[in-house]
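Notes to accompany the following structure.
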Amino acid sequence: MSDRKEITLTVNGNQVKGKEGDTVLQLCRANNIYVPTLCFMEGLSNVGACRLCVVEIDGERRINPSCTYPARDGLVVRTHTPNLEKYRRLILELMFTERNHFCFFCAASGDCELQAQAYRYQMDHARYPYTFPALPTDTLNDFMVIDHNRCILCGRCVRVCGEVVGNHTLDFSRRGWRTLIAADLNQPLGESSCISCGACLQACPTGAIFSKVSAYRGRTSEGKVIHSICSLCGIGCEIDVLVKDNNIVRIDGANLAGLKGQLCLMGRFQQVYNENQRIITPLIRNKKGDLEPASWEDAMKLITGKIKDYKAYYGASSIAGFASSLCPSETLEAFVKFMRNTIGTSFIDTFDGSGYRAVIQGISTFSKNGKGLEIESPLESIMDADCVMVVGSNPLETHPVAGSYILRAKTQKKVNVIVVDSRPNTFGFRSDIYLRPDNGSEAALLGALEGLVAKKTKSTEKSMRFISLGRAVEKTGLDKDAIQKAAAMLSRAKNPVIVYGDGVLSANNPKLIARLLDLAKLANHDGLKVISLKPRGNSRGAWELGLANQDGMAKIKPKMAYVLFSDDTFETGDWVDQVGQAEFLVAQASYRSQLTDCADVVLPSPIWAERKGKYVSLDGKVGHSQKVLEPSSGIKDDVEIITKLAKGI
Amino acid sequence: MTVIASQDIASTFQNIRDHALSRWQELWDGSKPIIMVSAATCGRSAGALEVLEAVKDELSRGQQDVQVMEVGCMGHCYAEPLVIIKKPGNPTVVYGYITPEKARRLVKDYIQGEDISPEFALGALEENELIPSIYDLPRFKHEKYILLENIGRIDPEDIDQYIAKGGYEALANALQMQPEDIIEEVRKSGLRGRGGAGFSTAQKWEVCRSSPGKIKYLICNADEGDPGAFMDRAILESDPHSVIEGMLIAAYTIGARHGYIYVRAEYPLAVHRAEIALEQAEGLGLLGKNILGSSFSFDIKPFQGSGAFVCGEETALIASLEGKPGLPHHRPPFPATSGLNGKPTVINNVKTLAYVPPIIRNGADWFASIGTEKSKGTAVFALAGKVVNTGLTEVPMGTTLRQIIFDVGGGIPKGRRFKAVQIGGPSGGCLPESALDMPIDFDSLKEVGAMMGSGGMVVLDEDDCMVEVARYFLEFTQRESCGKCTMCRLGTRQMLSMLEDFTCGRGQMQDLETLKELAEDVRIGSLCGLGRTSPNPVLTTMRYFRDEYKAHIEEKRCPALMCHDLIAYYILPEKCERSCDACVGTCTVEAISSNKQRVKVIDQAKCVKCGTCLTACPLQYNAVIKLSPPDKVPAAKG
């Protein structure tokens with residue numbers, strides 16, 4: 001858009017330059033001319049509803065909202081005449097009389113745009129009677145409350161829900177002054193299609209939508225905002241963390257309307273508050289079998305002693321190490337060095353499971369040139385795609401922001417979406433075609449799709465072995481028409497992207513991955529567009545460090561296990577059985593869990609907010625997470641602990 | 001693109017017309033009597049279908065071959081149901097106020113007998129010696145029919161009748177013209193949009209035509225939402241082809257391939273007749289692919305709106321058509337450059353489109369010769385309220401209000417005094433007696449604070465309270481406000497609450513200033529036309545009837561004795577007939593009792609002001625009166 005024509009306007013008597021296609025408001029903002037706004041929000045469509053940004057324009061009979069008025073060369077604009085200021089004050093008066101805007105009871109007081117405008121216009125009273133309708137409050141969502149009494153109907157939540165999140169849960173119900181924000185067909189938010197991403201909450205200029213975990217805990221002005229990245233799922237969303245008195249008050253998306261600032265319920269709410277019991281000192285299991293607090297020296301000594309013992313008796317390969325890929329690359333690197341070089345074992349793994357290893361094997365079978373996850377596409381390629389096929393994943397549950405990309409592409413760019421999953425998948429109901437093959441028959445379906453796409457696109461690819469439609473119908477139990485429709489949709493597309501997730505990973509089948517890659521290559525005219533939704537924030541980083549591609553891990557039976565668990569969530573997986581068999585178990589963890597309950601030694605570990613480090617996102621971009629909280633005195637950094645242990649040996 | 005020689009279009013159309021003309025001649029000049037029953041919505045609600053049934057039933061008893069036709073509304077709604085009878089050898093006569101019984105008599109006496117029944121006749125449609133011509137009525141001195149020409153005279157469900165009356169000739173001509181020439185012709189005619197704002201039609205078309213893009217749309221706005229306005233309904237029900245032909249010419253001019261008629265779902269008959277008309281036009285090759293053998297293709301779909309007043313606003317209408325909630329959108333961009341699905345779109349009112357065929361047929365100069373300097377042609381009004389002849393009328397622009405209300409409308413019933421006329425529905429204004437001699441057109445109305453609007457004209461007499469009228473219209477717009485923009489959503493609400501205070505006697509003098517200021521701000525600052533025009537009834541009543549506002553506020557008095565809280569019912573002791581107990585018996589709350597002299601007295605504490613006693617009191621006594629303010633009621637004696 002750099003070739004847009006330059007235009008010159010007169011704003012408040014000064015010559016101001018801008019680009020053709022800008023609105024008057026954009027141009028004013030770019031030139032540091034303040035125009036008050038309420039319903040305007042960067043990145044959303046402009047509606048001109050609140051009327052606060054009105055300006056006088058020569059040649060116009062009426063005053064016009066600057067947020068919707070296209071700037072033209074030679075336009076003469078006035079932004080602050082006595083009439084306009086009077087008019088803006090009137091609007092604020094009307095807004096304050098509409099519902100209940102008594103700031104001292106409001107969760108948003110101090111962070112409220114309406115309140116700020118009222119102060120700006122010195123609105124000490126309203127000339128009109130207060131109407132005080134008795135409006136309901138919707139509290140059924142786990143994280144958010146909608147208080148209609150605070151709502152000014154600016155519609156920012158509605159627009160952000162539709163235009164940015166792509167979920168279209170919120171809309172207006174009824175009309176006129178009776179208008180209320182409603183979820184779906186007027187369901188309570190907690191029972192609606194809402195994915196609790198909290199974008200509406202961040203967009204709300206008043207206290208009409210507020211967070212249950214952040215309300216009344218502090219204002220922005222009372223704390224410090226630290227810019228960081230979210231390390232939970234590997235999308236690498238940019239976050240602004242509000243910290244007050246070494247407590248996290250709130251997490252916001254750093255750029256809500258941009259691609260990576262939108263956040264999901266995990267990133268926005270679950271990280272602010274959880275009820276897990278924190279481990280603050282090292283623990284050693286005593287003779288009675290109970291874990292009791294111990295000093296760092298005792299715990300370290302016990303661990304180094306045991307390592308030496310096991311190494312001496314059974315050899316280094318009797319010791320296995322597991323690390324959570326929620327840890328930053330620096331920690332994982334230290335862990336790898338410690339296990340490989342110091343102890344000398346090659347049995348190291350993450351908790352991402354053997355399915356994830358199958359992905360890597362599948363890729364190497366497919367690419368044959370030793371390439372790994374590099375062949376995958378960036379997440380943004382979803383926005384440029386003309387068809388998205390989601391295999392074995394409900395991104396709205398595992399990677400909600402990626403799910404939003406797909407929904408946004410679908411609603412804004414009319415991109416077709418195909419969902420393939422043998423499990424029940426609610427994302428299927430948002431797709432154009434939802435295929436549910438019988439369990440374990442995904443590969444057959446993909447093979448048949450390949451055959452059909454190859455026939456349609458007249459591909460000359462010979463190396464692939466397709467599966468006949470008849471056989472696929474037999475194996476998958478799907479309707480013939482449905483498979484053909486999906487194939488037609490794929491072959492119509494020039495730039496389809498395949499996204500796959502936990503359903504494919506848990507199949508633990510490299511051949512399925514290879515099939516999927518074959519199909520992606522065949523269907524896309526420019527090459528290959530595949531994105532895998534990896535389980536954890538630094539899964540790809542762990543793979544790059546060689547943590548995730550150790551062969552033969554499934555067969556080992558370690559005598560001793562060292563688990564760098566950190567603040568991961570305990571879920572059963574292959575590694576649990578292996579760890580369970582170990583005679584001696586060391587757990588380095590932030591919270592009490594089933595794992596620490598059976599460990600022999602437990603070392604405290606910092607949580608995400610107490611460490612900084614490098615994260616590699618699921619599409620290979622490097623981001624840096626910042627330390628936002630000071631850990632309490634008993635907690636040491638993971639790298640420091642590992643280095644100390646290494647020294648002890 | 002294959003160029004079709006214009007002779008081909010002309011000859012194709014000639015064939016269609018010849019067929020239609022021969023059918024029409026067979027019907028009209030044949031030996032069969034014709035009975036036409038005016039059965040548009042207005043007629044039907046007055047009982048036209050029962051009349052039709054009675055006519056058919058009565059005919060079935062005789063042997064005579066009679067053509068019975070349902071036609072549209074002639075505009076004489078006050079006299080509905082109307083029946084028009086054409087009997088060979090006799091003049092065509094219009095009969096009014098026909099009941100099923102009268103219809104049976106007409107069939108027996110006139111069709112089967114020879115009695116032309118002048119007692120039921122409104123007038124004859126042609127000069128004759130038996131029955132006075134309907135054109136001798138004073139209204140025809142002022143009326144000039146362009147849009148209403150065919151209305152009530154042809155069967156709207158028969159395309160041939162429309163063609164026989166000259167229909168679709170303009171389309172055939174237009175298809176042989178260059179679109180630029182059509183725009184020029186329309187520009188020369190001075191046609192302005194009849195939706196209310198009076199924007200130049202030619203300019204709108206030109207902007208849309210010159211907007212880049214292959215796909216363009218044409219929408220006919222038949223979402224007539226004003227209370228008391230029914231011109232668009234009447235035209236669609238009575239002469240749908242005139243609108244379709246106008247749409248075809250407009251579409252050819254702007255280069256549209258698809259068109260919609262956005263019509264209210266509350267107009268089922270209009271929808272039904274439009275659908276039939278579309279089907280018939282398509283059947284004759286006048287709609288659809290390669291119209292009249294030319295390279296021009298166009299199709300029209302009717303779309304039923306769900307009764308939101310704001311959807312009459314262009315951008316809200318488009319949103320509704322796109323399947324979104326009917327909320328208006330900011331302008332610019334205007335629909336002519338970015339409308340339906342983001343494509344250039346022209347939205348014209350039913351009447352605007354219906355003017356196009358006559359303009360093409362008769363030439364721009366003919367149209368421009370009618371009307372005033374800046375407003376050309378005629379204006380169609382729906383007369384309602386306190387006027388004798390309610391119904392439709394079409395007069396040249398520049399006719400005065402007095403001529404419309406007193407000559408066409410027949411004045412105020414029951415000898416009451418004229419007080420005001422509300423023009424343009426909830427967006428319009430109330431004009432007082434002093435404005436009666438003003439020639440009306442788009443600009444003169446705007447000058448005095450009203451607007452042409454869609455053309456509703458509600459006449460008010462001395463019994464109407466202007467504060468209450470303003471409150472009524474504001475309540476309507478306030479309820480219909482979509483709520484998107486602050487100014488309209490909240491401004492109208494606060495204005496309404498102030499007006500409610502006035503009508504309840506709770507107002508303060510300084511509120512008048514606050515109200516005026518707020519009204520001005522709502523007018524200049526609202527997002528769409530609904531908000532911008534909603535203060536008009538308030539502003540005009542405050543301008544012309546300030547005394548009434550003052551009486552409400554300062555004296556707590558309603559001069560028109562209309563505002564419930566400001567009046568009291570009182571029985572004049574000197575007029576009360578002591579042996580009559582009519583009021584006592586009807587009082588719903590037992591508030592009336594007799595005193596020792598048997599004079600009836602109302603217990604003001606019990607009275608709920610329902611007014612039944614006033615109705616019950618026999619006319620010769622007229623003892624019950626309304627008083628305002630209520631404290632004027634003298635204290636009861638003994």
Side-chain angles (χ1 to χ4, degrees), chain A residues 23 38-39 45-52 54 56-57 60-72 83-84 86-99 114 126-131 133 151-155 158 162 171-182, chain B residues 306 308-311 315-316 324-334 337-338 341 446 475-498 500-501 506 510-511 513-515 517-518 520-532 534:
Chain A
T23 62
L38 273 177
C39 72
S45 62
N46 298 326
V47 290
C50 74
R51 318 304 282 176
L52 212 57
V54 284
E56 287 177 1
I57 294 168
E60 284 285 344
R61 275 179 299 163
R62 301 182 191 88
I63 47 181
N64 278 278
S66 57
C67 67
T68 60
Y69 202 91
R72 281 196 313 269
N83 265 342
L84 287 174
K86 210 176 101 216
Y87 184 82
R88 287 175 187 144
R89 195 179 184 285
L90 169 73
I91 287 174
L92 290 170
E93 274 179 66
L94 290 174
M95 280 184 173
F96 270 85
T97 55
E98 184 181 19
R99 291 182 181 180
L114 179 68
R127 286 170 293 168
Y128 305 99
Y130 291 90
T131 45
C151 178
I152 55 167
L153 299 174
C154 66
V158 173
D171 212 321
F172 298 107
S173 68
R174 314 182 79 180
R175 70 169 180 218
W177 61 271
R178 291 179 181 83
T179 309
L180 290 181
I181 300 297
Chain B
S306 308
F309 179 64
V310 71
C311 286
T315 55
K324 298 174 187 158
L327 301 179
H329 192 264
H330 58 83
R331 302 184 298 181
F334 289 90
T337 52
S338 169
N341 303 327
K446 218 170 255 176
E475 190 186 14
F476 177 85
T477 34
Q478 194 269 146
R479 204 172 50 230
E480 293 293 339
S481 163
C482 78
K484 182 174 181 175
C485 82
T486 333
M487 219 51 217
C488 172
R489 180 180 79 231
L490 302 175
T492 55
R493 192 160 181 228
Q494 291 290 3
M495 275 156 67
L496 179 66
S497 92
M498 274 188 254
E500 279 168 356
D501 281 354
R506 289 195 300 257
Q510 70 257 33
D511 289 351
E513 272 319 296
T514 322
L515 176 62
E517 205 179 302
L518 184 57
E520 284 294 343
D521 282 338
V522 172
R523 202 168 62 82
I524 58 162
S526 292
L527 193 151
C528 80
L530 188 148
R532 282 181 210 145
S534 65

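What you see below is based on every heavy atom in this structure, not just the backbone, and it leaves out hydrogens, waters and symmetry mates.
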Heavy-atom proximity to chain B below 4.5 Å, by part of [X]:
| X | result |
| --- | --- |
| A/V47 | both |
| A/R51 | both |
| A/P65 | neither |

Strictly distance-based, threshold 3.5 Å: is any side-chain N or O of B/T486 a donor or acceptor partner for the main-chain N or O of A/A49? yes

Backbone N/O of A/E98 and side chain of B/Q494: donor-acceptor pair under 3.5 Å: no

Which one of [options] has the most heavy-atom pairs closer than 4.5 Å to chain B?
| options | answer |
| --- | --- |
| A/G48, A/P70, A/C50 | A/C50 |
| A/L52, A/L90, A/T179 | A/L90 |
| A/T97, A/L38, A/T131 | A/T131 |

Straight-line distance of [X] [atom1] to [Y] [atom2], nearest 0.5 Å:
| X | Y | atom1 | atom2 | value |
| --- | --- | --- | --- | --- |
| A/E56 | B/I524 | CD | CD1 | 8.0 Å |
| A/R178 | B/S481 | CZ | OG | 10.5 Å |
| A/L153 | B/C485 | CG | SG | 11.5 Å |
| B/L527 | A/R62 | CG | CZ | 10.5 Å |

Can you tell me which portion of B/T492 sits under 4.5 Å from chain A's heavy atoms? Options are side chain, backbone, both or neither. neither

Check whether B/R532 gets within reach of chain A through its side chain, its backbone, both or neither, counting any heavy atom under 4.5 Å. side chain

Given the ring of A/W177, does B/R489 sit roughly above its face, with NZ or CZ under 6.0 Å from the centre of the six-membered ring and within 45° of the axis? no

Minimum heavy-atom separation for B/A308 to A/R175, with atom names? CB-NH1, 3.6 Å

Closest non-hydrogen contact found for B/M487 with A/L94 is CE-CD1, 3.9 Å

Going by heavy atoms in the side chains, are A/Y128 and B/L490 under 4.5 Å from each other? no

Within the structure provided, determine whether B/E517 and A/K86 are in side-chain contact (heavy-atom separation under 4.5 Å). yes

Report all side-chain donor-acceptor pairs from residues 325-334 of chain B shorter than 3.5 Å, counting only partners two or more places apart or in another chain.
residue: B/H330; atom: ND1; partner: B/P332; partner atom: O; Å: 3.2
residue: B/H330; atom: NE2; partner: A/N46; partner atom: O; Å: 3.4
residue: B/R331; atom: NH1; partner: B/E314; partner atom: OE1; Å: 3.0

So which residue, B/R523, B/R479, B/E480, B/R493, ends up with the most heavy-atom pairs under 4.5 Å with chain A? B/R493

